[in-house]
**Q** 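Please read through the structure below; I'll follow up with questions.
Counting starts at 1 for both ligands and their atoms, in listed order. In what follows, every heavy atom counts, from backbone to side chain, and hydrogens, waters and symmetry copies are set aside. All of these numbers come straight from a predicted model, not from anything done at the bench. Along the sequence shown, the residues carry numbers beginning at 1.
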Amino acid sequence: SATTTAFIVPSKPLAFKIPATSSTTALASGCPFSGGVVLPGYPPVKVQEEYADALDKIDWDEVKSDLKSLFSDSKDWWPADYGHYGGLFIRLAWHCTGSYRMSDGRGGCDGGAQRFDPERSWDDNTNLDKARKLLEPIKLKHGLGLSWGDLFVLAGTMSIEDMGGPYLGFCGGRIDMVDNAQTRALGPSPEQEAFAECPVQGDCPAPLGQNTLGLIYVNPEGPMAKPDPQGAADTIRDVFGRMDMDDRENVALIGGGHTFGKAHGASKSSPGDYPYENPANPWDGPKGDGTVTSGFEGAWTAAPTQWDNAYFKNLIDYEWESHMGPGGHYQWRIKGGKGPKAPMAHGEGDQDLMMLTTDIGLVTDPEYKKYVEEFANDPEAFAQAFGEVWYKLVNRDMGPVARCVGPDVAPAQAFQFPLPEKPKKLANMNKVAKDINALLEDSSPDDFIRLATQSANTYRATDYLGGCNGARIRHSPGKDWPANAGLDKTLAQLEGIKESHGDGLSWADLIVLAGNKAAEKLGAPGLPFCPGRTDAPDGDGWKPVEHFNKELPATVKDVVDRYQLRGLSAKEFVALQFPSYSSSAALKAALESSDTSGDVTAEALQFYPELRTWAEYYVASGDKVYGNDFASAWTNFMNADRFDGP
Ligand code: HEB
């Protein structure tokens, strides 16, 4: 729309997982679970609730067996390489999930975003329309509860399992987007050009997750299409790092993926039109052994539909040389025509094995080479490492394990930052509230509001990380962030209350309840409270969200970026200013003030029209509306990260 600029990128909705019925009960007990929030790109709440109900009824065993039958059910319109679609589906799932970026939690397969332009027309996604079309009968058979996002991920995961690879489990519960409001952020877009997010294609910086718009990560041919393996290794380290992957994970992930399937570039013919040009018949190029997808040609191993560690052995056992492949791109072959061959994907005979410059980078870079050797010598270590890193890849944008649905959910993994179990018996929260009120008689409510706000502020709706639950504000890195300076003193003030109520009172609950009582003291209406948070043993869960929380916002753009990332609407954000401007008269004065110097939130209220609109609304509608809207925005905000149920 006309109001869209590069930094106004909407975020995903808050988790909807708790269905309509239980959220009604939750409200009664003071636990207003999210689901009332609808952000751009997602269907209305009512529809999300229908999805959630349908999800409960999915027969996952049947979905899995339908997938297994499809893998070897080759269709004339897109015949399966080697008689198995596994390679194609693994690539589909990897490209859907691999758009995830740590910088702001955007991207990933939650939402099934790859169905929309511009993402579906990325050069890297050539011919993935065929993979989606193959899956369509299963999607239609199982209906609303089976989201495209879940289906893509499950198809890739079951393909690995079906070809003999590791299976750690499946975390379902993705909800499909209904338009491209989210995918636009991943580019390419006119805004990115206008705002120079990526001044040089092939060298795009973070926050972008890739170094070339239109690719998932890096150029397979090497940086700027030069066959430079060390350069390729360096770019892999950089851009896979933006997905929070380390050296060993990179080697396991890339090697595990290229254990399967092949690259398609038998000739220089064009793959055909892009989906945005020809939605009904995109990429209508040659099929079978003539298929052109990426323009590289060949398989990595001699048995491309079978799990093994041959990818690593091949890298080590043979000397590789670069040459110009049939599709007109640099690729690599075994020197002197020696070594194993792969069967043809369709006809008779066989063909030379190949490697991409990025694959060769893994034996060129000394750090990567250590892991190539490890996996070549120890197949079990490889299976373990790949199983784990695949699960991390596909579920990284799903947030805490509590959001996972289905019978095969793996035990909580480190990347999900699991929280301890809830105490069997909660403290008496009315008594805790009394103690807090007593404390507030001679201390400043502002400090307690700031403590609760700074805890809640870390939550981001894009990948469901951060938030109050866990009370990570007590630990590094959060407690050391300049934005949190002085909050140790506020925490210390609460210590007596924490001690006197024992294990039934978590720090996280105490921080939120103290924030509630402080806001009430400033004139807010009675605020509902939903207990049951627990305390993390360390602050690691906040490491991924440090970027947006370490410093206070310095510009209006920062203010806007952050409230959107948190999943707040403009209206909620303005209502949340109540503790600073606790009457509509005070808000009016803030809008009229000629001196906002140093106060970026005040500046944002004045100069960012989407916020000013709501400030004007509260000036006009008066204190009661303003106070009530604060109460509901605050309650949403404090509970945004509660996926654990009441
Ligand atoms: Fe890959 C394929 C590149 C990573 C999985 N790959 C491929 C190709 C290329 C690539 C070029 C071809 C395509 C066509 O068809 O033509 N990759 C690449 C790069 C990287 C990668 C550059 C970074 C370094 N992958 C990866 C990963 C994974 C994968 C990580 C997972 C895990 N791939 C894959 C598969 C395949 C591929 C499975 C096959 C497909 C078929 O078969 O179809």
**Q** Could you check atom 35 (C) of ligand 1 against the protein and tell me its nearest heavy-atom contact, residue, atom and distance included?
**A** Gly257 O, 3.8 Å

**Q** I need the atoms of ligand 1 closer than 4.0 Å to a non-hydrogen atom of Phe240, numbered in the order shown.
**A**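 That gives atoms 23 (C) of ligand 1.
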
**Q** Give me the nearest non-hydrogen protein atom to atom 24 (C) of ligand 1 as residue plus atom name, then the distance to 0.1 Å.
**A** Ile254 CD1, 3.6 Å

**Q** Suppose I only count heavy atoms of Leu88 and a 4.0 Å limit; which atoms of ligand 1 are within that range?
**A**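 Selected atoms, number and element: 41 (C), 42 (O), 43 (O).
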
**Q** With atoms numbered from 1 as shown, which atoms in ligand 1 lie under 4.0 angstrom from a non-hydrogen atom of Ala263?
**A** 12 (C), 14 (C), 16 (O)

**Q** Looking only at protein heavy atoms, identify the closest one to atom 13 (C) of ligand 1 and say how far it is in Å.
**A**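 For atom 13 (C) of ligand 1, the nearest protein heavy atom is Ser294 OG, 3.7 Å.
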
**Q** Identify the closest protein heavy atom to atom 4 (C) of ligand 1: which residue and atom is it, and at what distance?
**A** Trp94 CZ2, 3.6 Å

**Q** Which atoms of ligand 1 have any heavy atom of Phe260 under 4.0 Å away?
**A**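 Counting atoms of ligand 1 from 1, those under 4.0 Å from Phe260 are 38 (C), 39 (C).
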
**Q** Give the atom numbers and elements of ligand 1 that come within less than 4.0 Å of a heavy atom of Leu356.
**A** 3 (C), 9 (C), 10 (C), 11 (C)

**Q** For Asp238, which residues count as a side-chain hydrogen bond (donor to acceptor under 3.5 Å, both in side chains) partner, sequence neighbours excluded?
**A**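 Here the qualifying residues are Arg242.
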
**Q** Got the closest protein heavy atom to atom 39 (C) of ligand 1, with its distance?
**A**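 The answer is Lys262 O, 3.5 Å.
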
**Q** Starting from atom 19 (C) of ligand 1, what is the nearest protein heavy atom, named by residue and atom, and what distance separates them?
**A** Thr358 OG1, 4.2 Å

**Q** What atoms of ligand 1 come closer than 4.0 angstrom to any heavy atom of Ile90?
**A**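 Once the distances to Ile90 are compared, the set is 38 (C).
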
**Q** Out of all atoms in ligand 1, which are within 4.0 Å of some heavy atom of Phe296? Include the element for each.
**A** 11 (C)

**Q** If I apply the N/O under 3.5 Å rule, does His258 come out as touching ligand 1?
**A** yes

**Q** In terms of residue, atom name and distance, what is the protein heavy atom nearest to atom 43 (O) of ligand 1?
**A**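 Protein heavy atom with the smallest distance to atom 43 (O) of ligand 1: His264 CE1, 3.4 Å.
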
**Q** What atoms of ligand 1 come within less than 4.0 Å of a heavy atom belonging to Trp300?
**A**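 Those atoms are 2 (C), 7 (C), 37 (C).
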
